[in-house]
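This one's a predicted model, so the numbers in the text were calculated from it and none came from an experiment. The first residue in the sequence is number 1, and the count goes up from there. Atom set for the values below is all heavy atoms of this structure, side chains included, hydrogens, waters and symmetry mates excluded.
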Amino acid sequence: MMRTLIIAEAGVNHNGSLGTARQLALTAKNCGADIVKFQTAKLNSLVSKFAHMADYQKENIGAEMSQQEMLKSLLLSYDEFAELASYCEEIGIPFLSTPFDLESIDFLEKLGCSMWKIPSGEITNLPYLERIARTHKRVVLSTGMSTLNEVREAINALEGNGSGEITLLHCTTQYPAPFEDVNLNAMLTLRSEFGREAGYSDHTRGIEVPIAAVAMGASVIEKHFTLDRNMEGPDHKASLEPNELQAMVQAIRNIEAAMGSGEKKPAKSEIANIAVARKSIIAACDIKKGEVFTEENLTTKRPGNGISPMNWYKLLGTKAIRDFREDELIEW
């Protein structure tokens with residue numbers, strides 16, 4: 001099975017602190033994630049001063065304010081992102097950040113990000129999609145809140161402007177997402193409809209759904225994480241804590257190993273148990289040489305290293321080639 005790309009989504013869970021962002025990067029590395037991802041934006045380019053908070057943001061923060069007011073304390077500067085990218089290189093985990101405006105796309109391109117992660121909210125932002133595509137890099141596109149036709153239009157916009165390989169992520173844009181709204185089978189619909197790799201960006205509580213997605217063939221898993229779910233901020237409550245992130249990564253790697261090649265044959269570890277667990281044709285009582293084998297003087301018992309019981313009717317009616325004691329393996 002192909003190795004699943006695990007993106008540990010730190011997002012804005014650093015709460016505007018470069019030190020916390022560094023801790024998040026190191027945590028992602030130590031938990032075994034493939035990539036640590038943040039979010040880069042210029043506040044005035046991201047939201048208007050009239051934009052309201054989402055209901056989940058009000059609930060998670062416990063206060064009501066404009067999106068600008070909420071976000072201004074959650075964003076890092078470009079200089080801080082440059083430092084963060086260098087730190088990620090130093091500790092050995094790829095740095096990735098989702099841009100939320102055109103200026104941030106240009107900044108991250110100069111910073112040398114190797115791929116793009118497009119969030120669900122930008123899937124209908126044509127100028128944004130065109131700017132991303134013209135860098136000719138790989139794109140991972142989240143499809144939360146979208147219809148198949150909107151996904152198709154986004155793909156056309158990206159491919160029409162020279163985008164690199166596109167991977168689609170099924171997503172439910174709610175924090176946390178109710179299990180009954182996940183619709184994980186839609187990931188398979190994306191794969192079959194568009195003929196390209198599909199993965200899953202998870203906003204549910206816990207780790208069960210991303211693990212299930214891997215078993216269904218997800219090529220990419222993205223999951224929010226935090227240092228402490230009790231921290232203030234809009235996304236902490238729907239994020240994994242470090243021990244949970246590590247458990248998810250390990251479970252995904254276990255599932256990858258368990259999926260195997262698909263060929264049905266005895267596994268290497270079970271071959272030795274064939275003789276132990278299966279049965280052979282056994283003498284049900286003492287049998288003399290030349291005596292005819294019947295259902296009365298034969299039976300089946302362990303071990304399984306003698307004549308297979310699948311030959312039962314071939315053996316009945318033939319004669320014993322020698323004396324057999326009760327419980328002895330029959331030979332022919």
Side-chain angles (χ1 to χ4, degrees), residues 2-14 21-41 81 84-85 87-89 91-100 104 108 111-123 132 137-144 164-173 175-177 182 184 187 190 196-204 206-214 216-227 235-236 238-242 244-253 255-256:
M2 177 176 58
R3 180 181 169 88
T4 307
L5 181 71
I6 301 176
I7 301 173
E9 166 69 285
V12 295
N13 281 345
H14 49 71
R22 285 170 175 257
Q23 286 183 269
L24 285 162
L26 184 59
T27 297
K29 164 74 174 176
N30 291 340
C31 289
D34 296 303
I35 291 174
V36 62
K37 189 181 85 66
F38 297 90
Q39 297 174 6
T40 304
F81 273 117
L84 184 57
Y87 177 72
C88 289
E89 184 177 7
I91 64 173
I93 185 168
F95 165 86
L96 183 65
S97 192
T98 289
F100 281 84
S104 294
L108 291 169
L111 199 58
C113 287
S114 61
M115 58 183 282
W116 298 107
K117 167 61 203 325
I118 298 178
S120 297
E122 304 297 334
I123 197 169
I132 288 277
K137 291 180 178 177
R138 179 187 178 185
V139 171
V140 176
L141 174 65
S142 275
T143 62
E165 175 190 352
I166 302 169
T167 299
L168 303 173
L169 299 190
H170 175 55
C171 177
T172 303
T173 308
Y175 305 83
V182 167
L184 201 52
M187 181 182 72
L190 289 172
R196 60 188 72 237
E197 287 186 3
Y200 175 62
S201 179
D202 185 53
H203 298 142
T204 63
I207 64 175
E208 300 97 323
V209 180
I211 293 169
V214 171
M216 294 170 67
S219 62
V220 177
I221 290 293
E222 180 183 61
K223 183 73 173 179
H224 279 265
F225 77 107
T226 179
L227 299 178
D235 295 338
H236 294 286
S239 300
L240 299 180
E241 292 188 335
E244 296 168 318
L245 177 62
Q246 187 172 30
M248 185 195 78
V249 171
Q250 186 58 60
I252 286 173
R253 299 306 178 214
I255 291 297
E256 289 171 344

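- Within the 4.5 Å cutoff, the side chain of D235 has no heavy atoms near those of the T226 side chain.
- Counting heavy atoms from C-beta outward, L24 and F225 have side chains that approach closer than 4.5 Å.
- To the nearest 0.5 Å, atoms CD (E197) and CG (L190) are separated by 13.0 Å.
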Evaluate the side chain to side chain contact (heavy atoms under 4.5 Å, CB included) criterion for residues F95 and F38: first the C-alpha distance (whole Å), next the side-chain angles of each, then the deciding distance (0.1 Å), finally the verdict. CA-CA 8 Å; F95 165 86; F38 297 90; 3.7 Å; yes
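- Note that the CD atom of E241 and the OG1 atom of T27 stand 11.0 Å from one another [nearest 0.5 Å].
- Looking at T40 and S97, their side chains do bring a donor and an acceptor atom within 3.5 Å of each other.
- Contact record, M2 with S219: CE-CB, 3.5 Å, taken as the closest heavy-atom pair.
- Partner L26 forms a side chain to side chain contact (heavy atoms under 4.5 Å, CB included) with one of I91, V36, I93 and no other, that one being I91.
- Judged by distance alone, with hydrogens and angles left aside, the side-chain atoms of H14 form no donor-acceptor pair with the main-chain N or O of Q23 at under 3.5 Å.
- Of all heavy-atom pairs between A41 and S104, the closest is CA-OG, 3.4 Å.
- Rounding to the nearest 0.5 angstrom, the gap separating the CG atom in L111 from the CG atom in L96 is 10.5 Å.
- Of the listed residues (L240, I252, I6), just one forms a side chain to side chain contact (heavy atoms under 4.5 Å, CB included) with K223, and that residue is L240.
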What verdict does the side chain to side chain contact (heavy atoms under 4.5 Å, CB included) test give for R138 and T167, after you've listed the backbone C-alpha separation in whole Å, the side-chain angles of each residue and the deciding distance to 0.1 Å? CA-CA 8 Å; R138 179 187 178 185; T167 299; 3.3 Å; yes
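- Applying the side chain to side chain contact (heavy atoms under 4.5 Å, CB included) rule to P94 yields the partners I35; only residues at least two apart in sequence or on another chain are considered.
- For the salt bridge (Lys or Arg N to Asp or Glu O under 4.0 Å) test, residues two or more places apart in sequence or in another chain that qualify with R253 are D34, E256.
- Here Y200 contributes atom OH and M187 contributes atom CE; the two are 9.5 Å apart, rounded to the nearest 0.5 Å.
- A distance of 12.5 Å separates OG in S201 from CG in L168, rounded to the nearest 0.5 Å.
- When all heavy atoms are compared, the tightest approach of V249 to A33 is CG2-N, 4.2 Å.
- A 6.0 Å sphere centred on CD of E165 holds more than 12 heavy atoms belonging to other residues, nucleotides or ligands.
- Considering all non-hydrogen atoms of both residues, V182 and H170 come closest at O-NE2, 2.7 Å.
- Taking each heavy atom of A218 and T4 in turn, the nearest pair found is O-OG1, 3.5 Å.
- Summarising the geometry, atom NE2 belonging to H203 is positioned 6.5 Å from atom OG1 belonging to T173; distances are rounded to the nearest 0.5 Å.
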Can you give the donor-acceptor pairs under 3.5 Å from side chains of residues 112-123 to other protein atoms, not counting sequence neighbours?
unit_1	atom_1	unit_2	atom_2	d
W116	NE1	T135	OG1	2.7
K117	NZ	S142	OG	3.0
K117	NZ	E222	OE1	2.9
K117	NZ	E222	OE2	3.1
S120	OG	G144	N	2.8
E122	OE1	N125	ND2	2.8

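- By the 30° and 60° cut-offs, the orientation of the rings of Y175 relative to H224 is perpendicular.
- Between I221 and A213 the shortest heavy-atom distance is CD1-CB, 3.9 Å.
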